[in-house]
Peer 1: 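Handing you a structure now.
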Amino acid sequence: MKSYKVGIIGATGMVGQRFATLLERHPWFTVTALAASGRSAGKTYTEALGGRWAMKTPVPESMKDMVLFDATADIDKVAEQVDFVFCAVNMPKDEIKKLEEAYAKREVPVVSNNSAHRKTPDVPMVVPEINAGHIEIIPAQRRRLGTKRGFIAVKSNCSLQSYVPALHPLKEAFGLEAALACTYQAISGAGKTFETMPEIVDNVIPFIGGEEEKSEQEPLKLWGRVEGDRIVDETGISITAQCFRVPVSDGHTAAVFARFAKKPALEEIKRLWAEFKGPAQELRLPSAPKQFLHYFEEENRPQAKLDRELEGGMAVSVGRLRPDTQYDIKFVCLSHNTLRGAAGGSVLLAELLAAKGYFD
Ligand code: NAP
């Protein structure tokens, strides 16, 4: 496999820090540029971070003295140094849309964690195990942007990163009709730690702006199909969600209820979860978990604190599968929100794009 030079746009943020740690020793990707806001530009990574480093491992040696670019003002300079960029910035949506298109139009592919382009019909939103085929829309997007190399690919929201993978093989086998998900989301999902979000201690906050809409709608794009120059959403499935912020550092848990056209047997569901693989595993992408869906028989699992780091935080944990009185089944699932749900999911998507030649 060729190696690629990569930039991190939003390197000082919670997701940007995860990118830095994941890419420190990546076999295919080497970080050659870091960028953030004008407040950080011109400072070394260590200076720009100040006291904000929230990872368990130290700031990567190879990056700590790199001088940050201004993500907007220095696009040309970043473009000269990289083959593609990861992007995770906290800016108004319309500004993120313009920023990502500006990089793509300078022939820099963008693999994004931001939600700004998730609804753009020719931007693939990909979980490599579920809908890798959606990257085939990229030539159509390049035609719209007028680019040869540049494009935008995104990952889906962290809230649904546990329940969509768990529902996916069941959808195929039994015809998913309706699902209800209540999510219990970690504070790192808001870019926060217990120090910067003291109001969450001894508390549950029953609102996360925009999250329920994403949790209900994004699965339909993931399960959609490429039709000409757009991705058309799945229409036959109804999803409803409530999203809570809970006092957990990392790891989003979901309580899920689901109804199917064909009533499934519980043992059959567990077998489908155990056997489930996607292109990420078949292509042996470096960040792919060997076993994507792990089922726990213990009645008190999965737990955020015990299970979020499973397979480097890239696997999804599932448990408590049982029949339901109103739906066919209910279960609990968990995924690490800044690993599989954010930076790790983007790195895996970039590996898929690299393996399929989209950065060449
Ligand atoms: P964060 O910790 O608040 O970090 C925000 C980053 O954006 C920082 O690097 C910041 O740079 C940069 N930034 C802010 N204003 C900017 C500007 N005008 N120009 C360029 N860069 C600017 O946020 P986060 O949690 O990492 O989230 C980043 C993005 O990822 C968001 O779109 C979020 O929705 C998405 N996301 C987050 C998660 C998660 O679990 N945290 C999951 C999925 C998706 P400075 O340090 O210079 O201000």
Side-chain angles (χ1 to χ4, degrees), residues 7-22 33-55 59 63 66-75 78 85-100 102-103 110-118 125 127 152 154-162 183-193 195-197 208-211 213-215 218 243 245-246 248-253 304 308 313 335-349:
I8 307 174
I9 312 298
T12 48
M14 188 65 83
V15 178
Q17 295 176 26
R18 277 281 175 210
F19 276 123
T21 55
L22 290 174
L34 300 175
S37 76
R39 297 178 289 277
S40 301
K43 297 179 183 167
T44 66
Y45 193 31
T46 309
E47 286 164 357
L49 285 163
R52 287 184 288 169
W53 185 253
M55 304 295 109
V59 180
M63 294 171 224
M66 283 174 82
V67 176
L68 268 83
F69 290 106
D70 179 323
T72 313
D74 296 330
I75 295 183
V78 175
V85 292
F86 290 109
C87 187
V89 290
N90 205 345
M91 290 164 69
K93 223 176 232 186
D94 55 330
E95 288 178 30
I96 298 181
K97 272 191 165 177
K98 282 193 208 137
L99 182 73
E100 294 184 341
Y103 276 92
V110 179
V111 179
S112 175
N113 264 92
N114 306 306
S115 63
H117 272 296
R118 288 187 197 145
M125 178 169 72
V127 176
I152 301 161
V154 301
K155 70 163 300 303
S156 53
N157 198 50
C158 48
S159 61
L160 50 99
Q161 187 59 65
S162 61
T183 65
Y184 306 91
Q185 302 191 197
I187 57 176
S188 59
K192 302 283 188 188
T193 60
E195 286 72 42
T196 57
M197 197 180 189
I208 306 174
E211 205 76 350
E213 184 197 52
K214 292 174 195 165
S215 302
E218 289 185 14
C243 301
R245 190 70 74 192
V246 296
V248 167
S249 59
D250 290 309
H252 291 352
T253 300
R308 61 192 166 205
S335 92
H336 196 300
N337 56 296
T338 64
L339 286 167
R340 173 53 90 146
S346 286
V347 171
L348 188 65
L349 169 54

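Order of appearance sets the numbers: ligands from 1, and atoms from 1 within every ligand.
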Peer 1: Looking only at distances, can you tell me whether any N or O atom of Ser115, backbone or side chain, sits closer than 3.5 Å to an N or O atom of ligand 1?
Peer 2: no
Peer 1: Only heavy atoms count here, so choose which of Met91, Glu211, Glu95, Gln17 is nearest to atom 19 (N) of ligand 1.
Peer 2: Met91
Peer 1: Would you mind checking which non-hydrogen protein atom is closest to atom 27 (O) of ligand 1, with the distance to 0.1 Å?
Peer 2: Val15 CG2, 4.0 Å
Peer 1: How far is atom 32 (O) of ligand 1 from the closest protein heavy atom, and which atom is that?
Peer 2: Asn114 OD1, 2.8 Å
Peer 1: Within a strict 4.5 Å, meaning less than it, do heavy atoms of the Leu99 and Ile75 side chains meet?
Peer 2: yes
Peer 1: Counting only nitrogen or oxygen atoms and a 3.5 angstrom limit, does Ser37 reach ligand 1?
Peer 2: yes
Peer 1: Can you pull out the closest protein heavy atom to atom 41 (N) of ligand 1? Residue, atom name and distance to 0.1 Å, please.
Peer 2: Ser188 O, 2.9 Å
Peer 1: Under 3.5 Å, side chain of Gln17 to main-chain N/O of Ala54, donor-acceptor pair present?
Peer 2: yes
Peer 1: Say whether, by atom type as modelled, one donor and one acceptor occur between the side chain of His252 and the main chain of Ala186 under 3.5 angstrom.
Peer 2: yes
Peer 1: Suppose I only count heavy atoms of Thr338 and a 4.0 Å limit; which atoms of ligand 1 are within that range?
Peer 2: 40 (O)
Peer 1: Could you name the option among Asn157, Val89, Asn90 that has the heavy atom nearest to atom 31 (C) of ligand 1?
Peer 2: Val89
Peer 1: Name the residue from Asn113, Leu339, Ile8, Asn337 that meets the side chain to side chain contact (heavy atoms under 4.5 Å, CB included) definition with Arg18.
Peer 2: Leu339
Peer 1: Provide, to 0.1 Å, the distance between atom 48 (O) of ligand 1 and the closest protein heavy atom, together with that atom's residue and name.
Peer 2: Arg39 NH2, 2.8 Å
Peer 1: Is a side-chain N or O of Glu47 found less than 3.5 angstrom from the main chain of Thr44, in a donor-acceptor match?
Peer 2: yes
Peer 1: Any idea which of Leu49, Asn113, Asp250 brings a heavy atom closest to atom 36 (N) of ligand 1?
Peer 2: Asn113
Peer 1: Just to verify, what does Asp70 make a salt bridge (charged side-chain N to carboxylate O under 4.0 Å, His left out) with, not counting sequence neighbours?
Peer 2: none
Peer 1: What part of Met14, side chain from CB on, backbone N/CA/C/O, both or neither, has a heavy atom under 4.0 Å from ligand 1?
Peer 2: both
Peer 1: Students often mix this up, so state it plainly: with edges at 30° and 60°, are the rings of Phe86 and Phe19 parallel, tilted or perpendicular?
Peer 2: parallel
Peer 1: Gly13 versus ligand 1: do any nitrogen or oxygen atoms come within less than 3.5 Å of each other?
Peer 2: yes
Peer 1: Near Ser40, which atoms of ligand 1 are under 4.0 Å from a heavy atom of that residue?
Peer 2: 45 (P), 46 (O), 47 (O)
Peer 1: Taking heavy atoms and a distance under 4.0 Å, where does Ala36 meet ligand 1: side chain, backbone, both or neither?
Peer 2: both
Peer 1: Looking at Asp250, is its backbone amide N or carbonyl O close enough to the side chain of Arg308 to form a donor-acceptor pair, meaning the two atoms are under 3.5 Å apart?
Peer 2: yes
Peer 1: Determine yes or no for a side-chain-to-main-chain donor-acceptor pair under 3.5 angstrom, with Thr12 supplying the side chain and Leu49 the backbone.
Peer 2: no
Peer 1: For Ala71, take its heavy atoms, then give the atoms of ligand 1 lying under 4.0 Å from any of them.
Peer 2: 20 (C)
Peer 1: Contact between ligand 1 and Arg52 is defined here as a heavy atom of the residue under 4.0 Å from a ligand atom; is it met?
Peer 2: yes
Peer 1: Looking only at distances, please establish whether an N/O atom of ligand 1 is found under 3.5 Å from an N/O atom of Ala342.
Peer 2: no
Peer 1: Is Ser112 reaching over with its side chain to a backbone N or O of Asn114, donor-acceptor style, under 3.5 angstrom?
Peer 2: yes
Peer 1: Output yes when a side-chain donor or acceptor of Ser215 lies under 3.5 Å from a complementary backbone atom of Glu211, and no otherwise.
Peer 2: yes
Peer 1: How far is atom 25 (O) of ligand 1 from its nearest protein heavy atom, and which residue and atom name does that atom have?
Peer 2: Gly191 CA, 3.4 Å
Peer 1: Ignoring hydrogens and geometry, is there a side-chain-to-backbone donor-acceptor pair from Tyr103 to Cys87 under 3.5 Å?
Peer 2: no
Peer 1: Considering distance alone, does some N or O of Gly10 sit under 3.5 Å from an N or O of ligand 1?
Peer 2: yes
Peer 1: Around atom 8 (C) of ligand 1, find the nearest protein heavy atom and jot down its residue, atom name and distance.
Peer 2: Thr12 OG1, 3.3 Å
